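Protein chains get the first letters and strands the later ones, always in sequence-line order, with residue 1 at the start of each. Note that the structure is predicted; figures quoted are calculated from it, not measured.
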Number of protein chains: 2
Amino acid sequence: MTEPDAKKAAAPKAGTASKAGAAPKRRRADAERNVSALLAAAKKVFDTSGVDAPAKQITDLAGLGVGTLYRHFPLRSDLVKAVVQSNIDACAAAGPRLAAAHEPADALAAWLRAYTELLGTKRGLASALHSGDPAYEALPGYFLDTLTPTLTALLDAGVAAGTVRDDIAAPDLIHAIANLCLAVPGADPDGPYGFAHSRRMVDLLIDGLRTG
Amino acid sequence: MTEPDAKKAAAPKAGTASKAGAAPKRRRADAERNVSALLAAAKKVFDTSGVDAPAKQITDLAGLGVGTLYRHFPLRSDLVKAVVQSNIDACAAAGPRLAAAHEPADALAAWLRAYTELLGTKRGLASALHSGDPAYEALPGYFLDTLTPTLTALLDAGVAAGTVRDDIAAPDLIHAIANLCLAVPGADPDGPYGFAHSRRMVDLLIDGLRTG
DNA sequence: GAGTGAAGCGGAAACCTTTTCCGCTTCACT
DNA sequence: AGTGAAGCGGAAAAGGTTTCCGCTTCACTC
């Protein structure tokens, strides 16, 4: 959901297209397919080879030419941004699903762990965020804007059920966990300050969230 | 070149300078001078143009050829590493100087602020640490190893003078401040979660360190 | 001082990626 | 089928890093 595509463009004829705001420009079906393929390939390649993997690797995996990549993502950072946003979106989407499947407090815990996992496993993506590149400046905001509603819903459900304390705000939690996962940069992921450590701290935090 | 040979070689022969059975390899004076020039130039260029600045910019500023750069720093990451270490060393060296010039508690506060400044201003360097590149894996350890003794001395002096609480360990403080300075990646440095915010949090922490 | 072996230097060239460009293909709509 | 534009592939340009090697300069000896 990172594309400005208005699914099912409502204006089939709309002769007066050149009107205020959004352009009713339709995208060709193959182009849309290619963008998805590129995004999927990039996600896979970033996971296995890091965010600095050559573009060629991605286009090869997607079975497309480099030109196609750069048509849809003019700057390399655009691709990274799209992948990050897609990850965030997926994380946000998991909220309602978990809420439907578990007790409120459990759903909350599960979601926070998923969020932790996202931050902890996409090391390359996280580092891109920290690169200082102006291209990524908007991402933290997107992060917060997208996840806050989801987390707020989970928290509220827990509070309503009386199993989650009511004095914690979603953005604070999002920040706190992000900080915990960033703890020590180059540390061994399984070492004293690595990802395992972060996970433990988050579990602690989750326990603290429950009432009783 | 173009440098006035200010000094003459000191050690004629018999490498008595060798320590711990290391190889008595002598380095040519001009080479040593060039390494310093390169390091100074890199520091300046990294500050103004970021860690991704082209190598040419650095060698031009140093008045040397690219070949010379790559002779001394075979990988780009070697240069970054060297600059970071040099920054850390400078920070550590400031400890005794501050201790001699101020009351123990004030010296401690001043040093912690300098440390904060180091973390907060060298954005590019910090991001390099977070890049996940294996080349930088050893740096956090160097960080801790180099700064811990300095900070421990400052803390101890304060404790001895009775003006600093005695239940805080140096490494914990180093970690805590590092975390505070990393708060939110792409945020505006002067915004709600930017560097100014980090500085405020650190000041709070410093106040908490004093007794009474 | 000159002589000499080797460390060190400069910068062109090789090598890689990213980004641009453009002729050809494919789609969407008649 | 016909048509015009969106979209595609991949070669080439642009830009950066790393290697290579002939020449220079140093350190040290006689």
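Considering all non-hydrogen atoms of both residues, B:A107 and B:L98 come closest at CB-O, 3.5 Å. Taking each heavy atom of A:R76 and A:D52 in turn, the nearest pair found is NH1-CA, 4.1 Å.
One can place CG of B:L75 at 12 Å from C1' of D:dT19, the figure rounded to the nearest angstrom. We find that OH of A:Y70 is positioned 18 Å from C1' of D:dG7, with the value rounded to whole Å. When the P atom of D:dC28 is taken as reference, atom CG of B:D30 falls 12 Å away, rounded to whole Å. Across the protein-nucleic acid pair, B:E32 atom CD and C:dC9 atom P stand 11 Å apart, rounded to whole Å. Between B:D52 atom CG and D:dT17 atom P the separation is 8 Å, expressed in whole Å. Atom CG in A:N34 sits roughly 13 Å away from atom P in D:dG10 (whole-Å rounding).
A close approach under 4.0 Å does occur between a side-chain nitrogen or oxygen of A:H72 and OP1 or OP2 of D:dC8.
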Determine which bases of DNA chain C form Watson-Crick or G-U wobble pairs with both distances under 3.5 Å, and write the result as a 5' to 3' dot-bracket string with | for other-strand partners. ||||||||||||||||||||||||||||||
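Under the 4.5 Å side-chain criterion, counting only non-hydrogen atoms from C-beta, A:L79 is not in contact with A:H72. The side-chain heavy atoms of B:N87 and B:F46, taken from C-beta on, include no pair separated by under 4.5 Å.
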Kindly determine whether B:T59 and B:T68 satisfy side chain to side chain contact (heavy atoms under 4.5 Å, CB included), including the steps that lead there. CA-CA 8 Å; B:T59 56; B:T68 305; over 6 Å; no
Walk me through whether A:L173 and A:L205 qualify under side chain to side chain contact (heavy atoms under 4.5 Å, CB included). CA-CA 9 Å; A:L173 212 44; A:L205 206 148; 3.4 Å; yes
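Both A:K56 and B:V35 sit near DNA chain C, but only B:V35 has its closest nucleotide nearer the 5' end.
Comparing C:dA28, D:dT17, C:dT18 by their nearest atom to the side chain of B:R76 picks out D:dT17.
For the contact set between residues 57-68 of chain A and DNA chain C, defined by any heavy atom under 4.0 Å, there are no members.
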Identify all pairs in which a protein N or O lies below 3.5 Å from an N or O of nucleotides 4-7 of chain C, and state each distance.
| unit_1 | atom_1 | unit_2 | atom_2 | d |
| --- | --- | --- | --- | --- |
| C:dA7 | N3 | B:R28 | NH1 | 2.5 |

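A side-chain donor from one of B:D89 and B:Y142 sits under 3.5 Å from a side-chain acceptor of the other.
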